[in-house]
Amino acid sequence: MKRTLFSLMLLALVAVPTAFTTACGGGGQADPQSIADAVVDSLKSEKFTKFYDYMPKWQTAADEKETEVKKWRMKEGWDRWKDFKGRLEGDNGLDPKDKSGITGGEEKWTGASDAERGAVLMGFYRVYVADDWEKRLKEGEWFLNGREIKLEVEGQGSATFEYKNRYNDKIEVRCFREGGVWYLAGARITMEKKMPEKPKD
């Protein structure tokens, strides 16, 4: 598949400006786990936009054009902010507490960078709803719990890495290989709102 899982996720989530406009990206690596480890480290330190450094240049270029189209659609009334903002708010929203600083209104959202919107759409800011999120995210002693790497013909491939912490929270990182080079496809944090309880007799 030529479009990444990340791109497909963006298209499926919303019909407003979701693509990215900055000219970064292009962070290909020889080893997919180096990408996964770096993404986990950035999430632990709340640098949620750092993931964008590992996106391919073709993806960022495609996203730039998509952003122009989405802005036009919103300006012309095909897409509406009020229809989208409900996906951001509340405990089940993508940015429940507006920690990103870009989900408080249409102008902030459309004026945000590619990486800022992407971090919201991947649900990274949902961690702030969880009880004791800081202890779990920063002090949870994350470790690699499993990985799956599939190599295909002509330098293609895919990889999935799962990390867990002492509270059984999870981070999943997906990568894809194109032309023999690895890039980030997407990432997800799974952290339940309530802190897991110890077994009781």
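If you're wondering where the values come from, they're calculated on a predicted model, not measured in any experiment.
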Verdict with supporting geometry, E148 and K150, salt bridge (Lys or Arg N to Asp or Glu O under 4.0 Å): CA-CA 7 Å; E148 181 180 11; K150 296 180 180 179; 3.5 Å; yes
Sole residue of E162, E172, K170 in side chain to side chain donor-acceptor pair (under 3.5 Å) with N145: E162
[atom1]/[X] to [atom2]/[Y] distance, rounded to the nearest 0.5 angstrom?
| X | Y | atom1 | atom2 | answer |
| --- | --- | --- | --- | --- |
| C175 | W182 | SG | CH2 | 7.0 Å |
| L88 | S100 | CG | OG | 8.0 Å |
| I171 | W142 | CD1 | CH2 | 4.0 Å |

Any side-chain heavy-atom pair of [X] and [Y] under 4.5 Å:
| X | Y | answer |
| --- | --- | --- |
| V127 | V129 | no |
| M191 | R126 | no |
| R80 | M74 | no |
| I102 | R117 | yes |
| I149 | F161 | yes |

Identify the heavy atoms of [X] and [Y] that sit nearest to each other, and give their distance.
| X | Y | value |
| --- | --- | --- |
| L184 | P56 | O-CD, 4.4 Å |
| R177 | G155 | CG-O, 3.1 Å |
| A115 | Y52 | CB-CB, 3.7 Å |
| E178 | Y183 | O-CE1, 4.2 Å |
| A119 | F51 | N-CE2, 3.6 Å |
| P32 | A159 | CB-CB, 4.1 Å |

E152: partners by salt bridge (Lys or Arg N to Asp or Glu O under 4.0 Å), with sequence neighbours left out: none
Salt bridge (Lys or Arg N to Asp or Glu O under 4.0 Å) partners for K164, two or more places apart: none
Flag if over 12 foreign heavy atoms under 6.0 Å of NZ, K44: yes
E76 atom CD, neighbour heavy-atom count above 12 within 6.0 Å: yes
Side chain to side chain donor-acceptor pair (under 3.5 Å) involving E89 - partner list, sequence neighbours excluded: none
Partners meeting side chain to side chain donor-acceptor pair (under 3.5 Å) with T160 (sequence neighbours left out): R174
Side-chain cluster (under 4.5 Å, hydrophobic types only) that M195 belongs to, other residues: Y167
Ring center gap for W109 and F84 short of 6.0 angstrom: yes
For a quick test of your reading: what N or O donor-acceptor pairs under 3.5 Å do the side chains of residues 131-139 make, sequence neighbours left out?
residue: R136; atom: NE; partner: D169; partner atom: OD2; Å: 3.1
residue: R136; atom: NH1; partner: D131; partner atom: O; Å: 2.9
residue: R136; atom: NH1; partner: E192; partner atom: O; Å: 3.2
residue: R136; atom: NH2; partner: D169; partner atom: OD1; Å: 2.8
residue: R136; atom: NH2; partner: E192; partner atom: O; Å: 2.9
residue: K138; atom: NZ; partner: E46; partner atom: OE2; Å: 2.7

Sequence-distant partners of K99, side chain to side chain contact (heavy atoms under 4.5 Å, CB included), two or more places apart: D95, K97, Y125, Y128
R166: side chain to side chain contact (heavy atoms under 4.5 Å, CB included) partners, not counting sequence neighbours: E141
Whether E116 side chain and S113 backbone form a donor-acceptor pair below 3.5 Å: yes
hydrophobic_cluster_shared for V69 and L121, side chain cutoff 4.5 Å: no
Acceptor/donor pairs from residues 33-41 side chains to any protein atom, 3.5 angstrom cut, sequence neighbours excluded:
residue: Q33; atom: OE1; partner: R147; partner atom: NH1; Å: 2.8
residue: S34; atom: OG; partner: D31; partner atom: O; Å: 2.6
residue: D37; atom: OD1; partner: Y163; partner atom: OH; Å: 2.6

